[in-house]
Amino acid sequence: MQFKVAAWNVNSLNVRLPQVLDWLRERQPDILALQETKLIDADFPTLDIANADYQAVFSGQKTYNGVAILSRLPASELVTDIPGLKDPQRRVLGATVGDVRVLNVYVPNGQAVSSDKYTYKLAWLDKLAAWLETELARYPRLIVLGDFNIAPEDRDVHDPVAWTGQVLCSVAERTAFRRLLDLGLQDAFRLFPHDEKVFSWWDYRGAAFRRNLGLRIDHILITPALAAVCKGCEVDKAPRQLERPSDHAPVVAEFNRTPEL
DNA sequence: ATGGTGGCGCGGCCA
């Protein structure tokens with residue numbers, strides 16, 4: 001018996017709902033964390049999700065951002081803000097599902113190095129790290145997943161030379177990402193061998209997906225207790241090949257189910 | 001090529 005957890009930036013749940021419902025039916029994840037739902041909570045398609053046999057919790061806003069957690073089991077202990085961070089942008093959702101703690105994050109994009117948004121991104125990551133420290137102390141089975149908008153290493157970039165120092169790849173962003181790992185998390189994807197040039201995001205422009213000009217910026221970070229039972233972590237490129245796709249593909253991690261304590 | 005594509009929503013922002 002295994003359980004399966006996934007993260008997918010859908011770039012508008014309104015547009016992508018049919019793809020999400022198809023994907024739930026085909027892949028049967030136990031937990032799916034969505035980013036960029038771009039929906040106010042009153043418009044969340046709770047009924048469609050329920051008809052697919054999933055529960056949904058969400059924190060959304062009009063036009064931008066928005067996160068949700070779809071799960072087989074009910075979610076409790078919801079948190080919709082990083083403690084101490086006053087932010088109208090709906091970018092985090094914490095929930096307890098079964099015997100795991102889930103933190104769904106949509107890290108700010110940062111736009112360009114030295115922009116105001118880049119400064120906001122680094123400050124946001126700083127607050128996230130402080131929050132993770134307290135969550136890690138509380139929950140030995142913690143999953144932090146979502147769109148981190150950071151390619152952690154050169155091997156996560158299709159053209160590392162061209163991207164050197166650019167937003168999503170800058171030293172300060174990579175240092176911030178490394179700091180999250182150093183708190184006691186592991187990148188599930190890197191627990192396993194993979195082909196070269198596996199990415200999770202491809203620009204809509206310039207036929208980037210067809211040419212595999214992408215970045216790996218969507219991640220599933222897990223505590224040692226979960227790493228010990230993690231059986232695999234992959235990017236599912238199939239939804240990116242559909243008509244009218246998100247610019248991101250889902251990242252999926254599978255775990256052996258351990259006896260509940 | 002200071003571009004390109006897509007979502008939101010109808011001009012311009014954001015990614």
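Order of the sequence lines sets the chain letters (A, B, ...), proteins ahead of strands, with each chain counted from 1.
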J.: Output the rounded distance in Å from CG (A:Asn9) to P (B:dC14).
T.: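 Going from CG in A:Asn9 over to P in B:dC14 covers 17 Å.
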J.: Picking from B:dC8, B:dG6, B:dA15, which would you name as closest to the side chain of A:Tyr106?
T.: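 Selected nucleotide (nearest to the side chain): B:dA15.
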J.: Before giving the answer on salt bridge (charged side-chain N to carboxylate O under 4.0 Å, His left out), spell out for A:Asp203 and A:Arg211 the whole-Å C-alpha distance, their side-chain angles and the decisive distance to 0.1 Å.
T.: CA-CA 11 Å; A:Asp203 201 301; A:Arg211 302 159 66 199; over 6 Å; no
J.: Grab the CG-C1' distance between A:Asn14 and B:dG7 for me, whole Å please.
T.: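 Taking atom C1' of B:dG7 as the reference, CG of A:Asn14 is at 10 Å.
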J.: Can you measure A:His248 atom NE2 to B:dA15 atom C1' for me and round it to whole angstrom units?
T.: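 The distance from NE2 of A:His248 to C1' of B:dA15 comes to 8 Å, rounded to the nearest Å.
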J.: Taking the six-membered ring for Trp, are A:Phe255 and A:Phe3 parallel (under 30°), tilted (30 to 60°) or perpendicular (over 60°)?
T.: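 Taking A:Phe3 first and then A:Phe255, their aromatic rings lie parallel (interplane angle under 30°).
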J.: For residues 238-245 of chain A, please give each side-chain donor-acceptor pair under 3.5 Å, one per line with the distance, not counting sequence neighbours.
T.:
from     : atom 1 : to       : atom 2 : distance (Å)
A:Arg240 : NE     : A:Ser246 : O      : 3.3
A:Arg240 : NE     : A:Asp247 : O      : 3.2
A:Arg240 : NH2    : A:Trp202 : O      : 2.9

J.: I want to verify a distance call: between B:dG6, B:dG9, B:dA15, whose nearest atom is closest to the A:Lys62 side chain?
T.: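 Comparing B:dG6, B:dG9, B:dA15 against the side chain of A:Lys62, the answer is B:dG9.
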J.: With a 6.0 Å cut-off (strictly less than), is the heavy-atom count around CG of A:Asp116, excluding the residue itself, greater than 12?
T.: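 No.
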J.: Please report the distance, rounded to the nearest Å, between CG in A:Leu34 and P in B:dG7.
T.: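 Answer to the nearest Å: 16 Å.
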J.: Let's see if you can work this out: which of B:dC14, B:dG7, B:dT5 has an atom nearest to the side-chain heavy atoms of A:Ser12?
T.: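 Nearest to the side chain of A:Ser12 among the choices is B:dG7.
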J.: Between N or O atoms, less than 3.5 Å apart, protein on one side and nucleotides 10-12 of chain B on the other: list the pairs.
T.:
none

J.: With rounding to the closest Å, how many angstrom separate the P atoms on B:dG12 and B:dG3?
T.: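 These two P atoms come out 15 Å apart once rounded.
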J.: Rounded to whole angstrom units, what separation is found between the CG atom of A:Leu168 and the C1' atom of B:dA15?
T.: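 The distance from CG of A:Leu168 to C1' of B:dA15 comes to 9 Å, rounded to the nearest Å.
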J.: So, is A:Arg240 close to the B:dG6 phosphate, meaning a side-chain N or O under 4.0 Å from OP1 or OP2?
T.: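 A:Arg240 to B:dG6 OP1/OP2: no side-chain N or O under 4.0 Å.
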J.: Taking OP1 and OP2 of B:dG7, is either one under 4.0 Å from a side-chain nitrogen or oxygen of A:Arg244?
T.: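 Checking B:dG7 against A:Arg244, a side-chain N or O does come within under 4.0 Å of OP1 or OP2.
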J.: Nearest heavy atom decides the nucleotide; on that basis, is A:Arg16 or A:Asn65 closer to the 5' end of DNA chain B?
T.: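 On the 5' side of the pair lies A:Arg16.
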J.: Considering only the P atoms, how many Å lie between B:dA15 and B:dG9, rounded to the nearest integer?
T.: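 One P to the other, the span is 15 Å.
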J.: Check this for me: does any side-chain nitrogen of one of A:Lys38 and A:Asp43 sit under 4.0 Å from a carboxylate oxygen of the other?
T.: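 Between A:Asp43 and A:Lys38 there is no salt bridge, as every charged N stays at least 4.0 Å from the carboxylate O atoms.
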J.: Could you give the distance separating B:dA1 and B:dC10 at their P atoms, to the nearest angstrom?
T.: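 Result for the P pair: 36 Å, nearest Å.
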J.: For a quick check of understanding: with a heavy-atom distance under 4.0 Å over all strands, which category does A:Arg211 fall into, base, sugar-phosphate or nothing?
T.: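 Since no nucleic acid heavy atom lies under 4.0 Å of A:Arg211, the category is nothing.
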J.: What is the distance, rounded to the nearest whole Å, between atom CH2 of A:Trp202 and atom C1' of B:dG6?
T.: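 For the pair A:Trp202 CH2 and B:dG6 C1', the rounded distance is 16 Å.
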J.: Let me know the distance between OH of A:Tyr204 and C1' of B:dC8, rounded to the nearest Å.
T.: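 That distance rounds to 12 Å.
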J.: In terms of the nearest nucleotide of DNA chain B, which residue is placed more toward the 5' end: A:Gly206 or A:Glu36?
T.: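 Upstream on the strand: A:Gly206.
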J.: To the nearest angstrom, how far is A:Asp247 atom CG from B:dC8 atom C1'?
T.: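 From A:Asp247 CG to B:dC8 C1': 14 Å.
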J.: Which part of the nucleic acid does A:Phe209 contact within heavy-atom distance under 4.0 Å: base, sugar-phosphate only, or nothing?
T.: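 Touches nothing.
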J.: With side chains defined as the heavy atoms from C-beta onward, is the minimum distance between A:Asn11 and A:Tyr204 less than 4.5 Å?
T.: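 With C-beta onward as the side chain, the pair touches.
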J.: If every non-hydrogen atom of A:Cys230 is compared with every non-hydrogen atom of A:Phe192, which pair is closest and at what distance?
T.: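 In this case the closest contact between A:Cys230 and A:Phe192 is O-CZ, 3.3 Å.
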J.: Sequence neighbours excluded, which residues qualify as side-chain hydrogen bond (donor to acceptor under 3.5 Å, both in side chains) partners of A:Asp218?
T.: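 Partners of A:Asp218 under the side-chain hydrogen bond (donor to acceptor under 3.5 Å, both in side chains) test: A:Ser200, A:His248.
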